[in-house]
Amino acid sequence: MRMSRLFSQTLRDITADAEVASHQLLLRAGFIRQLASGIFSYLPLGHKALRKVEEIIRREMDAIGGQEITMPVVHPAEIWQQTGRWYEVGSEMSRFKDKNDRDMVLAMTHEEVVADLVSREIHSYKQLPQLVYQIQTKWRDDPRPRSGLIRVREFTMKDSYSLDADWEGLDKQYRVHYQSYFNIFNRCGLDVIAVSSDTGMMGGEMAHEYMYLTPIGEDTLLLCDGCGYAANRQIATFAKKANPKEEPAVQEKIATPGTATIDDLARLLDMPASKTAKAVFMMATVGKGEEKEDKFILAVVRGDMEVNETKLANAVGALEMWPANEAEIRAVGSEPGYGSPIGVKGALIIVDDAVASATNLVAGANEPGFHVKNVNCGRDYEAEQIVDIASAREGDGCPRCEAALRAVRGVETGNIFQLGTKFTEALGGNFLDANGKAQSVVMGSYGIGVGRMLACIAEEYNDDNGLVWPITVAPFQVHIVLLAKGEGEAQDVAEKLYGELTGRGLDVLLDDRKDNPGVKFKDADLIGIPVRVTVGDRGLKNGIVEFKLRREEQRLEIPVEDAFEHVVAAVEGLYNELEERVVEVEYEK
RNA sequence: CGGGGUGUAGCGCAGCCCGGCUAGCGCACCUGCUUCGGGAGCAGGGGGUCGCCGGUUCGAAUCCGGCCACCCCGACCA
């Protein structure tokens with residue numbers, strides 16, 4: 001590609017809208033342009049980089065037996081109604097009517113379509129297992145897109161779907177993906193960790209997320225350096241320190257004016273927060289299909305812990321959950337700041353296991369300015385459910401080895417789900433087993449956000465001067481900077497080298513613009529192509545061209561006649577470096 | 001959806017408080033000459049419904065009201 005013909009331009013100033021490095025640099029270097037909130041175009045450089053990532057994914061998917069297909073972006077509502085997600089998913093799914101007034105949806109994922117295909121194509125156990133995948137556009141009307149390509153509404157996703165006759169088969173394909181995803185990320189030079197995760201709207205039994213660790217990440221992860229435990233905070237468990245054993249004592253109402261927070265209460269009574277019970281009031285939408293209702297939830301955790309909304313929502317089967325307001329709290333007979341489950345009516349009471357096992361806690365009296373001492377679950381109030389609903393935090397004990405957990409931030413670049421038969425049952429995805437008995441196909445679903453991955457790579461690989469692409473995903477492998485404006489030896493040499501390298505199958509960008517050297521060097525740094533060759537009259541006088549790796553300061557002078565071989569070898573070396581990172585990992589359940 | 005911020009040329013901004021000549025600056029763009037190994041110089045030039053609608057006023061980029069878009073924090077979500 002000749003840079004004089006390149007569709008995009010670099011920008012000297014960054015738009016005030018961009019805050020994170022990847023967003024700023026991808027904009028400045030001319031990889032992407034924003035059309036609307038969370039909606040981007042990929043210009044030639046961005047498109048080529050994206051295609052490189054896609055090809056790496058394709059190769060790996062094909063290597064594990066995947067067959068590429070393309071599924072529709074527009075779906076009839078019916079299949080989503082049959083699995084129930086039409087009712088469960090909120091405004092994140094965009095719906096519209098076609099000209100015949102039929103309800104349609106823009107695809108946010110493709111389990112329904114896969115299950116529909118299964119019902120048409122798979123009839124016998126002899127056809128299983130299968131693995132299909134696509135690289136397709138998804139639309140999710142996220143309430144708040146942000147950070148450039150990290151979180152968008154329209155995006156490209158690689159999604160694969162495994163089909164098996166039984167759970168053992170699923171587990172096998174799941175583990176193959178587990179490794180395969182590491183291969184993909186490693187080949188792109190992106191370090192990720194796999195963590196156990198919530199299954200969210202997918203449902204299913206088990207899931208992992210692949211996380212690129214970065215302070216700009218939106219997810220909080222709890223990691224144990226002792227045993228390797230790693231989980232998204234949404235589901236992370238931890239070793240809860242039990243309070244000292246006590247015999248249940250008699251309830252006692254006490255005046256505690258001005259103690260609407262646990263901190264104030266613990267200070268007034270001069271006791272640790274762990275001796276108190278904290279009531280948190282939420283409203284939740286629950287129900288199946290079109291029958292939904294809002295329920296009042298009273299969640300109780302120990303004073304020294306925090307409610308984990310994902311765990312709580314999972315416990316009550318909430319489709320949506322939000323904080324209750326004061327009127328709703330008083331309607332069940334409680335009181336903001338002085339709440340407890342004692343004597344409340346019409347609330348679903350969910351109690352954390354650490355509260356249920358503790359004795360003689362101080363809880364609210366459901367009356368302003370009063371608390372009750374020696375409150376005991378089961379004696380003073382009944383719990384609808386006793387379950388872990390507390391959030392793990394930095395420093396909490398690892399659930400497996402009790403070492404201190406570390407909290408880090410990460411961006412989810414991929415996920416894998418063991419779905420089971422939820423979708424195939426709903427859509428008639430059956431097959432006949434060896435005994436002639438109809439069974440539902442067992443599904444797994446596996447996603448990678450391709451654009452998000454590119455953004456993470458940009459986030460990881462940059463310096464003060466611009467992007468520094470790993471060779472495997474760089475839009476071009478070699479950047480020839482030609483320092484001459486007219487005809488002459490420099491132009492001839494650059495053109496010849498360009499022709500030879502291109503002929504060898506390399507992607508080469510030739511800066512043939514009639515600009516000053518400074519401009520060309522700045523742009524080369526900004527765009528970040530790994531190998532740079534500078535061809536100018538000054539060097540040619542001595543029969544040399546200059547060779548430089550983007551990531552290194554050092555510049556080498558190479559005899560013109562060796563330039564081709566040197567560049568080819570360098571590119572190969574960079575590939576091999578990344579290939580060495582592709583190694584077997586241990587499966588962490 | 002709650003809180004905060006921004007909207008003036010392709011990009012970055014000033015002007016707005018305190019209404020008033022033809023709306024300005026830098027970069028980018030076009031023409032010519034010079035320059036040519038780290039974002040060149042000189043000269044000339046093109047480009048604006050001041051986000052949109054309404055109001056106040058002799059007069060609105062500027063004041064008032066409504067709406068829209070975008071960004072950040074939170075809620076939410078994969």
Side-chain angles (χ1 to χ4, degrees), chain A residues 8-20 23-24 27-28 30 33-39 85 88-93 108-109 111 138-148 150-153 155 157 159 197-203 207-211 216-219 232 234 282-283 285 309-310 313 318-323 325 410-417 445-449 452 465-466 481-486 488 490 511 513-526 532-541 544-546 548 553 555 557:
Chain A
S8 60
Q9 294 168 25
T10 56
L11 306 173
R12 195 176 290 205
D13 300 311
I14 56 155
T15 160
D17 286 345
E19 292 212 336
V20 303
H23 189 195
Q24 291 179 355
L27 278 175
R28 276 191 63 203
R33 294 289 182 255
Q34 182 169 337
L35 177 64
S37 180
I39 305 178
R85 291 207 285 188
E88 290 163 15
V89 180
S91 59
E92 200 185 351
M93 181 161 73
M108 50 192 297
T109 176
E111 283 77 16
K138 304 267 191 279
W139 170 262
R140 294 182 190 175
D141 199 355
D142 197 292
R144 192 151 98 74
R146 66 189 95 161
S147 308
I150 302 275
R151 191 174 165 122
V152 293
R153 296 193 291 171
F155 58 100
M157 184 186 237
D159 42 329
S197 74
D198 186 41
T199 52
M201 70 167 180
M202 293 297 180
H208 284 89
E209 291 169 336
Y210 289 77
M211 290 284 178
I216 67 162
E218 299 179 304
D219 286 275
N232 193 308
Q234 293 176 325
M282 306 292 291
M283 296 298 297
T285 304
E309 290 194 20
T310 304
L319 302 172
E320 278 182 86
M321 205 163 68
W322 62 98
N325 63 36
V411 173
E412 179 187 350
T413 54
N415 52 36
I416 54 179
F417 294 94
S445 124
Y446 316 83
I448 290 181
R452 178 182 279 188
N465 295 317
V481 177
L482 167 57
L483 299 183
K485 285 186 179 170
D511 192 349
R513 297 175 300 169
K514 302 189 188 320
D515 275 301
N516 285 302
V519 174
K520 298 190 174 190
F521 287 130
K522 288 287 181 195
D523 278 351
D525 286 348
L526 187 54
R532 187 182 85 187
V533 180
T534 306
V535 181
D537 292 326
R538 203 179 75 183
L540 288 176
K541 262 187 242 161
I544 61 107
V545 296
E546 182 196 278
K548 181 181 177 297
E553 281 301 311
R555 304 166 191 197
E557 297 194 332

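Lettering follows sequence order; numbering is per chain, from 1.
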Looking at every strand, decide which applies to E320(A) at a 4.0 Å heavy-atom threshold: base, sugar-phosphate, or nothing.
-> nothing
Does the side chain of R12(A) get closer than 4.0 angstrom to OP1 or OP2 of A28(B) through an N or O atom?
-> yes
Within the structure shown, what part of the strands sits under 4.0 Å from T310(A) by heavy-atom distance: base, sugar-phosphate, or nothing?
-> nothing
So what's A60(B) paired with, Watson-Crick or G-U wobble, going by both distances under 3.5 Å?
-> none
When rounded to the nearest Å, what value does the distance between P atoms of C67(B) and C1(B) take?
-> 12 Å
Looking only at side-chain N and O atoms, does Q234(A) come under 4.0 Å of OP1 or OP2 in A78(B)?
-> no
Which nucleotide in C77(B), G37(B), C72(B) has an atom nearest any side-chain atom of T534(A) = G37(B)
Side chain of N516(A) (C-beta onward), nearest among A75(B), C36(B), G12(B) = C36(B)
For G65(B), the nucleotide meeting Watson-Crick or G-U wobble distances (both under 3.5 Å) is C53(B)
Determine the Euclidean distance between corresponding P atoms of G66(B) and G4(B); express it in Å to zero decimal places.
-> 14 Å
Could you tell me whether R140(A) contacts a base, only the sugar-phosphate backbone, or nothing, with contacts defined as non-hydrogen atoms closer than 4.0 Å?
-> sugar-phosphate
With sequence neighbours excluded, tell me which residues meet side-chain contact (heavy atoms from CB on, under 4.5 Å) with S147(A).
-> V20(A), I150(A)
With both distances under 3.5 Å as the test, what is the Watson-Crick or G-U wobble partner of C77(B)?
-> none
Using the C1' atoms only, state how far C52(B) lies from G47(B), rounded to an integer number of Å.
-> 22 Å
Heteroatom pairs (N/O) under 3.5 angstrom, protein to nucleotides 2-10 of chain B:
none

Using a heavy-atom cut-off of under 4.0 Å over every strand shown, decide if R532(A) touches base, sugar-phosphate, or nothing.
-> base
Salt bridge (Lys or Arg N to Asp or Glu O under 4.0 Å) evaluation trace for D511(A) with R513(A) | CA-CA 6 Å; D511(A) 192 349; R513(A) 297 175 300 169; 2.9 Å; yes
Counting any heavy atom closer than 4.0 Å, what does N415(A) reach on the DNA or RNA strands: base, sugar-phosphate only, or nothing?
-> sugar-phosphate
Which residue, A36(A) or V535(A), contacts RNA chain B at a nucleotide closer to its 5' end, judged by nearest heavy atom?
-> V535(A)
Choose from C73(B), C70(B), G39(B) the nucleotide whose nearest atom is closest to any side-chain atom of S37(A).
-> C70(B)
For A43(B), the Watson-Crick or wobble counterpart (both distances under 3.5 Å) = U31(B)
Go ahead and name the base partner of G37(B); Watson-Crick or wobble counts if both distances stay under 3.5 Å, otherwise write none.
-> none
Is it the case that more than 12 heavy atoms not belonging to E218(A) sit under 6.0 Å from its CD atom?
-> yes
G3(B) versus U8(B) - spacing of their P atoms, nearest Å | 25 Å
Hey, does F417(A) reach any base, or is it just sugar-phosphate, or nothing, if we go heavy atoms under 4.0 Å?
-> sugar-phosphate
Now, which nucleotide makes the Watson-Crick or G-U wobble pair with A9(B), with each of the two distances under 3.5 Å?
-> none
Would you please name every residue forming a ring pair (Phe, Tyr, Trp, His ring centres under 6.0 Å) with Y446(A), sequence neighbours left out?
-> H177(A)
Can you find a heavy atom in the side chain of W139(A) that is under 4.5 Å from one in the side chain of M93(A)?
-> no
With a non-hydrogen cut-off below 4.0 angstrom, is E209(A) in contact with a base, only sugar-phosphate, or nothing?
-> nothing
Considering only atom C1', compute the distance from U57(B) to G19(B) and round it to an integer number of Å.
-> 9 Å
So what does D198(A) touch, heavy atoms closer than 4.0 Å: a base, only the sugar-phosphate, or nothing?
-> nothing
Atom P, compared across G24(B) and G38(B): separation rounded to whole Å | 37 Å
Indicate, with a heavy-atom threshold strictly under 4.0 Å, whether E412(A) touches base, sugar-phosphate, or nothing.
-> base
What nucleic acid atoms does D219(A) come within less than 4.0 Å of, heavy atoms only: base, sugar-phosphate, or nothing?
-> base
